[in-house]
Each structure stands twice: as C-alpha cells, then as structure tokens.
A.B. asks: 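The structure's right below; bear with me while I get my questions together.
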Amino acid sequence: LTCVWGFMGLSARASETESWLKLYALKTQMDIQSFDIYAVYNLSMYFCVMTLTGVGFGDVSPDGQFEVQLSTLTMFVTGFVWAWVIANVVNVVNNLDAFSSYFQKLNDDLNQLMESRCLSRTLQTRARK
C-alpha cells in the first residue's frame with residue numbers, strides 16, 4: 001500500500017492533477033520537485049501507518065476523489081491486517097499452556113460422548129473426577 005500511495009504522489013507531480021503530495025508540499029511551503037523518492041516513500045509509509053493505527057489524519061491527507069477512494073480501501077485493508085495481528089497474538093497467548101489446552105479438549109470430548117450416550121448425571125460426575 002505504501003508503494004501505491006507513493007506512486008500516486010509521484011505520478012501527480014508530473015501532471016496537473018491534484019494529489020496528496022501537492023497538498024503536502026503546499027502546506028509545508030516546499031517545492032514538489034524537491035521531494036526525492038525516499039521522502040515520498042517515507043511520507044507514504046507515514047500515511048499508511050497513521051491509517052493502520054487510527055491516530056487520524058493531520059498533515060498528510062488525500063486530495064481528490066480517487067485518493068479518497070484509495071484511502072478508504074487502505075483503511076479497510078489495514079483494518080483486516082490489524083485484526084489478523086490481534087487474532088494471532090490472542091492465539092499465541094491462548095496456546096501458551098499446551099497441557100491445559102489438551103486437557104480442555106479431552107474434557108470437551110468426554111462431555112460430548114457422555115451426552116450422546118445419555119449417561120445419568122451421577123455417572124457423568126463420577127467420570128469427570
């Protein structure tokens with residue numbers, strides 16, 4: 001996504017269309033031609049990380065309909081990436097105690113077996129002990 005945003009800024013530099021890079025250059029009172037590829041990549045990465053973390057937009061923001069649409073897509077993609085990261089962290093924390101997870105699975109299997117065989121409650125209690 002960072003490369004896509006960088007490409008958008010650099011392609012608008014050569015044309016007459018408005019872009020986030022032109023808007024940023026105007027805000028910072030810099031010449032748009034003075035931004036090298038590393039500065040544009042850095043600003044693009046900043047924008048994507050800002051979108052991912054949800055801290056909001058301030059100094060770098062989309063300008064024009066296409067950039068707003070791309071910004072919306074970026075928010076969706078980074079939202080899914082963030083959800084995936086959180087899910088993996090929860091999974092790792094949940095599986096820290098492998099014996100406990102295994103014991104819980106055995107108990108679940110035992111409960112399901114006892115329910116399918118219609119065992120009495122007293123016999124189910126004795127089997128769990």
Side-chain angles (χ1 to χ4, degrees):
L1 288 172
T2 300
C3 291
V4 172
W5 276 103
F7 176 75
M8 289 295 302
L10 289 174
S11 65
R13 180 168 67 175
S15 68
E16 294 299 318
T17 59
E18 294 297 319
S19 74
W20 66 269
L21 187 59
K22 285 185 179 178
L23 187 63
Y24 182 77
L26 185 66
K27 285 181 184 178
T28 58
Q29 298 176 350
M30 295 177 67
D31 181 27
I32 194 166
Q33 300 300 328
S34 67
F35 290 107
D36 63 350
I37 194 165
Y38 300 109
V40 173
Y41 185 82
N42 189 32
L43 286 169
S44 301
M45 178 66 81
Y46 175 75
F47 178 79
C48 288
V49 170
M50 199 169 32
T51 303
L52 173 67
T53 58
V55 295
F57 301 104
D59 49 353
V60 179
S61 59
D63 187 38
Q65 286 300 313
F66 185 72
E67 287 185 357
V68 170
Q69 291 170 353
L70 184 61
S71 177
T72 304
L73 179 67
T74 302
M75 288 179 211
F76 276 119
V77 169
T78 55
F80 284 119
V81 168
W82 187 244
W84 178 78
V85 167
I86 295 298
N88 281 315
V89 168
V90 167
N91 188 32
V92 166
V93 170
N94 193 27
N95 291 326
L96 283 177
D97 188 6
F99 180 74
S100 176
S101 297
Y102 180 71
F103 180 74
Q104 184 65 41
K105 184 184 177 330
L106 282 178
N107 275 338
D108 290 342
D109 291 344
L110 178 63
N111 288 335
Q112 187 177 14
L113 177 68
M114 290 188 295
E115 279 186 32
S116 69
R117 301 292 180 170
C118 300
L119 296 180
S120 67
R121 291 283 177 204
T122 56
L123 188 55
Q124 288 182 18
T125 306
R126 284 181 49 206
R128 286 187 193 108
K129 291 181 181 180

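We number each residue from 1, following the sequence as shown.
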A.B. asks: Return the CG to CG distance between Asn111 and Leu106, rounded to the nearest 0.5 Å.
C.D. replies: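 Going from the CG atom of Asn111 to the CG atom of Leu106 covers 11.0 Å.
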
A.B. asks: Rounded to the nearest 0.5 Å, what's the gap from CG on Asn94 to CG on Asn88? Could you check?
C.D. replies: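 The CG atom of Asn88 is 12.5 Å from CG of Asn94, to the nearest 0.5 Å.
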
A.B. asks: Tell me whether Trp84 shares a hydrophobic cluster with Phe80, the cluster being built from Ile, Leu, Val, Met, Phe, Trp, Tyr side chains joined at under 4.5 Å.
C.D. replies: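 As far as the 4.5 Å side-chain criterion goes, Phe80 and Trp84 are not connected within one cluster.
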
A.B. asks: Hydrophobic cluster membership, with links at side-chain heavy-atom distances under 4.5 Å among I/L/V/M/F/W/Y: are Leu96 and Tyr102 in one?
C.D. replies: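 Not linked; separate clusters.
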
A.B. asks: Under the side-chain hydrogen bond (donor to acceptor under 3.5 Å, both in side chains) test, which residues partner Asp108, sequence neighbours left out?
C.D. replies: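 Counting only residues at least two positions away or on another chain, Asp108 forms a side-chain hydrogen bond (donor to acceptor under 3.5 Å, both in side chains) with Gln104.
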
A.B. asks: Can I get a per-line list of side-chain donor-acceptor pairs under 3.5 Å for residues 38-45, giving both atom names and the distance, sequence neighbours left out?
C.D. replies:
residue : atom : partner : partner atom : Å
Ser44   : OG   : Gly6    : N            : 3.1
Ser44   : OG   : Val40   : O            : 2.8

A.B. asks: What distance do Glu115 atom CD and Leu110 atom CG have between them, rounded to the nearest 0.5 Å?
C.D. replies: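 So the gap between those two atoms works out to 10.5 Å.
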
A.B. asks: With hydrophobic residues grouped by side-chain heavy-atom distances under 4.5 Å, do Leu119 and Leu113 end up in a single group?
C.D. replies: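 Result: no, two separate clusters.
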
A.B. asks: Taking atom CD1 of Ile86 as the centre, report whether more than 12 heavy atoms of other residues, nucleotides or ligands fall under 6.0 Å from it.
C.D. replies: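 Count over threshold, so yes.
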
A.B. asks: Taking Phe35 as the starting point, is it possible to reach Val4 by hopping between hydrophobic residues whose side chains are less than 4.5 Å apart?
C.D. replies: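 Val4 clusters together with Phe35.
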
